[in-house]
Novice: 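Pasting a structure here, questions to come.
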Amino acid sequence: DPPKGVLLHGPPGCGKTLIARAVASETEAYFISINGPEIINKFYGESEARLRALFETASQHAPAIIFIDEIDAIAPKREEVRGDQQVERRVVGQLLALLDGLKARGQVVVIGATNIPQVLDPALRRPGRFDREVAIGAPDQNGRREVLQVHTRGMPLASDVELERLAEVTHGFVGADLAALCRE
C-alpha cells in the first residue's frame, strides 16, 4: 500500500513543490495544491470547512493527491499556540481528524511540505498520518551541474561559460538559486 501521507522538508527552493507535482503527473492522479496560509480564514469554522471541502473534492476525484505547501503555517505544535492563535489549534485538530478519517481515505494521499519540520505538531508525524518523511537537501556538485544543464537548455551562452566550473563554485545552492543564476 502507498503511504497515506508524505512530509517533504528541506530548505526553500530545493524542489519540494516540483517533486509533488511530478509525482501527481507520473501517477496521473488528480492534484489539489494549496498553500497552508490560504486555508486560514478569520471567520469561525471557515478554515475547517475549507479543509473538509478539499478532502471531499479529492475523494470524489480519487486517485488524488492533496499537496499542502507551508504546512507549518496551519499545523504548529498545539501546546505552543498562543491565545490569539486559536484558529491554528482548531485547524490542526481538523487536519488530524481528516487524516485519520472516520471513513477510509481510499486513494487520497496527502503530501505536506515545510522548511521547518521541527515546528509541526508531533501528532501529524506519526504513522497513519504522515507515514513517510523525505528530507530534500541542496544538491551535490553533480546535481547542481544537471540543474544548470536543464536551466540553460536552449539558452544562448557565451563561449567562456563552463557549467562544470559553475557547479563547483555554487556549493549550497538549491534549484531556485541555480535558476536565478542562469537567468542573470
Side-chain angles (χ1 to χ4, degrees), residues 1-40 50-51 53-55 57-58 61-76 88 91 95 99 107-121 124-125 129-184:
D1 288 343
K4 292 183 183 288
V6 178
L7 180 64
L8 305 175
H9 55 88
C14 69
K16 299 178 293 289
T17 302
L18 195 60
I19 288 171
R21 289 184 189 284
V23 167
S25 177
E26 287 296 314
T27 59
E28 298 179 1
Y30 184 79
F31 187 70
I32 298 173
S33 176
I34 188 154
N35 234 334
E38 293 173 5
I39 292 173
I40 302 298
R50 176 114 193 226
L51 266 179
L54 284 173
F55 276 79
T57 300
H61 293 91
I65 294 175
I66 298 173
F67 176 62
I68 306 173
D69 202 1
E70 299 179 41
I71 195 168
D72 50 278
I74 63 165
E88 286 87 345
V91 170
L95 183 58
L99 288 171
Q107 293 186 310
V108 175
V109 173
V110 179
I111 300 176
T114 182
N115 304 332
I116 42 178
Q118 64 274 16
V119 303
L120 289 175
D121 193 286
L124 275 177
R125 300 176 79 176
R129 291 176 177 152
F130 284 104
D131 298 301
R132 304 281 191 291
E133 289 193 21
V134 180
I136 301 167
D140 62 8
Q141 183 175 335
N142 290 332
R144 290 191 303 274
R145 186 185 69 254
E146 289 178 21
V147 171
L148 288 166
Q149 287 171 340
V150 167
H151 286 293
T152 58
R153 194 178 312 147
M155 183 183 282
L157 297 175
S159 60
D160 62 343
V161 173
E162 297 177 35
L163 295 183
E164 187 62 44
R165 177 70 182 129
L166 286 173
E168 285 177 26
V169 299
T170 53
H171 178 77
F173 278 44
V174 294
D177 299 326
L178 294 168
L181 176 69
C182 292
R183 280 192 307 273
E184 290 300 315

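Computed from a prediction, not measured in an experiment: that's the story for all the values here.
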Novice: Does a side-chain heavy-atom distance below 4.5 Å link V6 with V110?
Specialist: no
Novice: What residues form a ring pair (Phe, Tyr, Trp, His ring centres under 6.0 Å) with Y30, not counting sequence neighbours?
Specialist: H61
Novice: Taking side chain as C-beta onward, heavy atoms only, is K4 less than 4.5 Å from R129?
Specialist: no
Novice: Does any non-hydrogen side-chain atom of T152 lie less than 4.5 Å from one of M155?
Specialist: yes
Novice: Hey, could you give me the OG1/CD distance between T170 and Q141, rounded to the nearest 0.5 Å?
Specialist: 8.0 Å
Novice: Where the side chain of K16 meets the backbone of P11, is there a donor-acceptor pair that is under 3.5 Å apart?
Specialist: yes
Novice: With a cut-off of 6.0 Å (strictly less than), are more than 12 heavy atoms of other residues, nucleotides or ligands near CD of Q118?
Specialist: yes
Novice: Walk me through it: do L7 and I71 pass the test side-chain contact (heavy atoms from CB on, under 4.5 Å)?
Specialist: CA-CA 9 Å; L7 180 64; I71 195 168; 4.1 Å; yes
Novice: Is the number of heavy atoms from other residues, nucleotides or ligands within 6.0 Å of CZ (R125) greater than 12?
Specialist: yes
Novice: Could you name each residue pair satisfying salt bridge (charged side-chain N to carboxylate O under 4.0 Å, His left out) that touches residues 175-184, not counting sequence neighbours?
Specialist: none
Novice: What pair of heavy atoms forms the shortest contact from G175 to H151, and how long is it?
Specialist: O-NE2, 4.2 Å
Novice: Using the rule given for side-chain contact (heavy atoms from CB on, under 4.5 Å), can you reason through I34 versus F67, listing the C-alpha separation, both sets of side-chain angles and the distance that settles it, and then say yes or no?
Specialist: CA-CA 6 Å; I34 188 154; F67 176 62; over 6 Å; no
Novice: Given the rule in the side-chain contact (heavy atoms from CB on, under 4.5 Å) test, do Q149 and L163 qualify, once you have shown the distances and angles that lead to the verdict?
Specialist: CA-CA 7 Å; Q149 287 171 340; L163 295 183; 3.8 Å; yes
Novice: Determine whether V174 and V147 make a side-chain contact, defined as any pair of heavy atoms from C-beta on separated by less than 4.5 Å.
Specialist: no
Novice: Quick one: are I32 and I65 in side-chain contact, heavy atoms under 4.5 Å?
Specialist: no
Novice: Could you check F130 against L99 for side-chain contact (heavy atoms from CB on, under 4.5 Å), going step by step and ending with a plain yes or no?
Specialist: CA-CA 9 Å; F130 284 104; L99 288 171; 4.1 Å; yes
Novice: What residues form a salt bridge (Lys or Arg N to Asp or Glu O under 4.0 Å) with E164, not counting sequence neighbours?
Specialist: R145
Novice: Is there a donor-acceptor pair under 3.5 Å between the side chain of T27 and the backbone N or O of V23?
Specialist: yes
Novice: Kindly indicate whether the side chain of E146, heavy atoms from C-beta on, has any atom under 4.5 Å from the side chain of P139.
Specialist: no
